[in-house]
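Data block below; observations after.
Every number for a ligand or one of its atoms is a count from 1 in the order of the listing.
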Amino acid sequence: MGDDPIKRAAGEAARHFDAIRSVAPAGAARPIDLRRHLERAYRFEAPCSVSVVLDDVARMLGRGTVHATHPGYFGPYQGGVMRSAIAASTLVAAYDPQCALHATGAAAIELEQHALRVLARSLGWRDDDASMHTCGGGQEANVEALVVAATRACPAFREHGARAFPREPAIYVSAEAHHGIEKAAHAVGLGRASVRRIAVDDALRMDVRALEDTVARDRATCTTVAIVATAGTTSSGAIDPLEPIADLCDREGAWLHCDAAWGGAAALSPRLRDHVAGIERARSITLDGHKWLQLPLGSGMFFCREPAAVRAAFETDAPYMPRPREDALDPYRASLAWSRRAAGIPLFVALAELGEDGLAAMIDRMAELGERLRVGLAAAGFEVVHPSPLPVACFTHPRLRTGERSVGEVARAAQARGRAWISPTRLSTGAPVLRACIDNARTEPCDLDALLEDLALAMA
Ligand SMILES: *Cc1c(COP(=O)(O)O)cnc(C)c1O
């Protein structure tokens, strides 16, 4: 590989990708060991050889990472990463196109928009005038959704912030929605208390009657900023009833945001699409490429079918930026970010490699493994609770219900066998459960069998 650090890093990346099964999913290094090593080895007093440093960084990453790219990783939604997407990320790092401006990042922006339009159509938006871009992740996309929705609910919010609201701003989400929504409400200046958590039904989906009642009760005192429906909750993969929620939003004139960070991928599969029917009625949608879609972290996506509302929220003018163009919109004028990495290129390359049918097949195959997981868990004496059509299972066991064993203990014992990684969660019903999710397109039935064996041993 010689001494070229780029070739060396690329070679190491390929080696790691190919050898992933030779390591345990859970990195063994403790934070204290990593810190001691750094303090000892890196005083930064004299320059180091880049090759030596890169080798050491790779070694530390190997030991001090939970390898979500491992086929035996069944933890919360961080996908494997496709080989083509890793290669594309290397090109992005080398060219480093500035995607704030069309003038500087034309090719990267067009590549991204071309790929995002395909996803937008699969989400159900047939017209091509949606506003869409990549962003850091689902959290950032949800923040953007709140900025857009709050500006639309109260245009003076743009200049005066939350004090411009004539009544208390309110955001409605289910009890199982992602807890980043409260952080987003805080960051946007509406405050965490503006988030109203609505009760869920037996399947952990938002209870639409409870939503209707709460919105009706709040009518005299609150301004609705948004109703946020989750398509695939983070704990259990519950899909809120999108059609009835969209009907309510129509009646109320409320902004419907769909947080489909993980589960939105189901819309890209003709076989799974029905589970998220109604997603196309959302005015804005959050989707994460770095979950089910097998792209690297930093592949968040924000879609909005009201480009005027996006511009009303983010439009800006700065003397050091070029004048707006007639033929292309500069991304910094239609999103929260300013400088912007070309995060759409790994998406573009992966989509081109698979084609739409190949992408759907990949998604379907992971959903089928999810079904196999549920069947296997039941056969091994576990009880799957609140089953989802998406490839995630929350489950318990008679010995967990009696408190004889704890979910944390069982997860750790299963992980310690070095083949699989799962984690516990707690549902809004209060129940602590174990949770396993198919995140990785490289996961095989044998990886599921290993997980089930190790769980059985951990329960014994
Ligand atoms: C993962 C997730 C988020 C947060 O997305 P990040 O990419 O981690 O920022 C938000 N909502 C849901 C439903 C998620 O699953």
Side-chain angles (χ1 to χ4, degrees), residues 66 68 73-81 85 119 123 133-147 149 171-188 192 195 197-198 200 203-206 226-240 242 245 256-267 275-276 279 282 284-303 335-337 341 343-344 346-347 363 366 370 386 388-394 423 425-428 435-440:
V66 171
Y73 174 82
F74 297 95
Y77 313 133
Q78 185 191 338
V81 184
L119 300 191
L123 289 168
H133 55 265
T134 54
C135 57
Q139 177 66 12
E140 190 180 326
N142 284 342
V143 168
E144 296 194 287
L146 291 188
V147 177
I171 300 158
Y172 301 88
V173 302
S174 91
E176 287 284 322
H178 196 278
H179 287 75
I181 297 286
E182 275 88 353
K183 273 172 63 169
H186 174 192
V188 165
R192 295 184 185 211
V195 178
R197 289 209 167 237
I198 305 296
V200 289
L204 304 184
R205 297 173 304 195
M206 193 191 287
I227 295 177
V228 180
T230 308
T233 57
T234 310
S235 273
S236 75
I239 301 164
D240 288 340
L242 301 177
I245 293 175
L256 174 58
H257 174 64
C258 185
D259 182 0
W262 174 61
H275 295 302
V276 292
I279 192 171
S284 55
I285 298 175
T286 288
L287 182 64
D288 259 341
H290 51 247
K291 291 180 173 171
W292 203 338
L293 297 179
Q294 311 295 296
L295 298 173
L297 283 171
S299 298
M301 300 174 222
F302 178 71
F303 296 86
S335 64
L336 185 60
R341 188 174 160 274
L347 166 69
I363 290 167
M366 291 165 75
H386 315 292
S388 162
L390 307 181
V392 59
C394 288
S423 58
T425 184
R426 193 163 40 79
L427 301 171
S428 59
R435 178 187 177 289
C437 170
I438 311 292
D439 288 305
N440 192 320

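A heavy-atom distance below 4.5 Å is found between the side chains of Asn440 and Gln294. Considering only heavy atoms from C-beta on, His386 stays 4.5 Å or farther from Thr233 through its side chain. Residues Lys183 and His178 form no side-chain contact, since every pair of their non-hydrogen atoms from C-beta on lies 4.5 Å or further apart.
Under the rule for a side-chain hydrogen bond (donor to acceptor under 3.5 Å, both in side chains), the partners of Glu176 that lie at least two apart in sequence or sit in another chain are Ser428.
Of all heavy-atom pairs spanning Val195 and Val173, the tightest one is CG1-CG2, 3.7 Å.
Of the listed options Asn142, Ile181, Asp259, Leu297, Asp259 places a heavy atom closest to atom 11 (N) of ligand 1.
In terms of polar-atom proximity, defined here as any N/O pair under 3.5 Å, Trp262 makes no such contact with ligand 1. Not a single N or O atom of His178, backbone or side chain, sits closer than 3.5 Å to an N or O atom of ligand 1. By the 3.5 Å distance cut-off applied to N or O atoms, Tyr77 is not counted among the residues near ligand 1. Checking only distances, Glu140 never comes within under 3.5 Å of ligand 1, N or O to N or O.
Counting protein heavy atoms only, atom 7 (O) of ligand 1 is closest to Asp288 OD2, 2.6 Å.
Taking every heavy atom of Lys291 and a limit of under 4.0 angstrom, the matching atoms of ligand 1 come to 1 (C), 2 (C), 3 (C), 4 (C), 5 (O), 14 (C), 15 (O). Per-residue contacts place Gly138 under 4.0 angstrom from the following atoms of ligand 1 (heavy atoms of the residue considered): 5 (O), 6 (P), 7 (O), 9 (O). Short contacts between ligand 1 and Gln139, defined as distances under 4.0 Å to a heavy atom of the residue, involve ligand atoms 4 (C), 5 (O), 6 (P), 9 (O). Listed by number with element, the atoms of ligand 1 under 4.0 Å from a non-hydrogen atom of His290 are 7 (O). Which parts of ligand 1 touch Gly137 is read off a 4.0 Å heavy-atom cut-off, strictly below it: atoms 7 (O), 9 (O).
Side chain of Gln78 to backbone of Ala68: no donor-acceptor contact under 3.5 angstrom is found.
No option in Ile239, Leu287, Leu256, Leu123 other than Leu123 meets the side chain to side chain contact (heavy atoms under 4.5 Å, CB included) test with Ile279.
Below 30°, between 30° and 60°, or above 60°: for Tyr77 and Trp262 the angle between ring planes is below 30°, a parallel geometry.
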